[in-house]
Amino acid sequence: MEKHIKTLLSAMMAGALIAIAGTTYLYLKADHTIIGAFLFAFGLLCVVTLDYKLYTGRIGYIIEKDKSYIIEILWIILGNLLGSVLIASIIYLANYQVIIQAAETLVETKLSRNIYEIFGLSIMCGMMMYLGVDGYKRIENHVAKVVVNIFAVAIFVILGFEHSIANIYYFLLANNYSWYMLLAFVVMLIGNGVGAVILNSIEKCGSLKKPNQ
């Protein structure tokens, strides 16, 4: 149980960091989208540097783990959600209307898409997250690994790919709860996982990773 609690707290930190990054993006989105996208990368950069557990950064490795890893992933999702709830609650406490209204507008756009569109955009996000996280792990040059990590995030944000954990934070801020929102979130989780697993599987099939990677 102690292991699960540690996983939960690490995941909560990751969720909070992504939420803080998402808050910055919301603040800048209207007039400075590209700047906001690059600053959003702060969240993932902190996560990988501090080795916190983020669902979208861990799910791609599920094909390399035993069955117990599924339980760890569930704890990670829960922790990520709690981190999002924490930051969303603080934003509401501060009555930060600029952020809340930006979230409402963004969520309206996201939920106007059909499930197939959401799934496709989620797969693409999963791929970019895998590249950002795995690239950070495998690249030895300290500057290059940070650049790859930051650009992987900035690209998926600019292109509007669906990041499940960031999106649940936006849903919380927008106070937008419905069965379709829940379905969309589940599809985003699955899509993010599929995207990451596809790239990891291709690398494994082609023996593209070095033995220690």
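Note that the structure is predicted; figures quoted are calculated from it, not measured.
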Please assess Y169 against V85 for the test side-chain contact (heavy atoms from CB on, under 4.5 Å), listing each intermediate value before the final yes or no.
CA-CA 7 Å; Y169 172 64; V85 169; over 6 Å; no

Identify whether I35 and V98 are in the same connected component of the hydrophobic contact network (ILVMFWY, side-chain heavy atoms under 4.5 Å).
yes

For Y61 and Y130, take the angle between the two ring planes, folded into 0 to 90°, and tell me which bin it lands in: parallel under 30, tilted 30 to 60, perpendicular over 60.
tilted

Step by step, work out the side-chain contact (heavy atoms from CB on, under 4.5 Å) result for E108 and T105.
CA-CA 5 Å; E108 184 178 352; T105 302; 5.6 Å; no

Using modelled atom types only, decide if a donor and an acceptor are shared between the side chain of S10 and the backbone of K6 within a distance under 3.5 Å.
no

Cationic N near anionic O, under 4.0 Å, D51 to R58:
yes

Starting at NZ of K3, measure out to OG1 of T7 and round the result to the nearest 0.5 Å.
6.5 Å

Co-membership, hydrophobic cluster, residues W179 and Y116, 4.5 Å side-chain:
no

Would you please test R138 and E203 for salt bridge (Lys or Arg N to Asp or Glu O under 4.0 Å) and show each step?
CA-CA 13 Å; R138 291 162 58 186; E203 288 193 320; 2.9 Å; yes

Could you state the interatomic distance from OH (Y55) to CG (N80), rounded to the nearest 0.5 Å?
10.0 Å

Give, for atom CG of N95 and atom CD1 of I100, the distance between the pair rounded to the nearest 0.5 Å.
6.0 Å

Within a strict 4.5 Å, meaning less than it, do heavy atoms of the Y177 and L172 side chains meet?
yes

Pair M12, L86 - check side-chain contact (heavy atoms from CB on, under 4.5 Å), show working.
CA-CA 9 Å; M12 188 173 177; L86 173 64; 4.2 Å; yes

Nearest-0.5 Å distance that lies between atom CE in M13 and atom CG in L9
9.5 Å

Tell me if a side-chain donor or acceptor on Y92 pairs with a main-chain N or O of L173 at a distance below 3.5 Å.
yes

Do we see a donor-acceptor contact under 3.5 Å between the side chains of T33 and Y25?
no

Using 0.5 Å steps for rounding, measure from the CG atom of N176 to the OH atom of Y170.
15.0 Å

Linking I/L/V/M/F/W/Y whenever any side-chain heavy atoms sit under 4.5 Å apart, do L182 and V187 land together?
no

Testing the 3.5 Å rule here: is there a donor-acceptor pair between the side chains of S164 and N192?
yes

Do you reckon V48 sits in the same ILVMFWY cluster as V143, going by side-chain contacts under 4.5 Å, direct or chained?
yes

So that I can tick it off, tell me whether E162 and R113 are bridged by a salt bridge, with the cut-off set at under 4.0 angstrom between side-chain N and carboxylate O.
yes

K145 side chain to Y136 main-chain N or O, any donor-acceptor pair under 3.5 Å?
yes

Hey, what do you get for CG (L45) to CZ (F40), rounding to the nearest 0.5 Å?
12.5 Å

Ion pair E72/K67, N-O distance below 4.0 Å
no

Do E64 and N200 pair up side chain to side chain, a donor and an acceptor below 3.5 Å, judged on atom types alone?
yes

Any chance OH of Y69 has more than 12 other-residue heavy atoms, nucleotides or ligands included, within less than 6.0 Å?
yes

Candidate pair V153 and F38, rule side-chain contact (heavy atoms from CB on, under 4.5 Å), full reasoning:
CA-CA 7 Å; V153 174; F38 276 94; over 6 Å; no

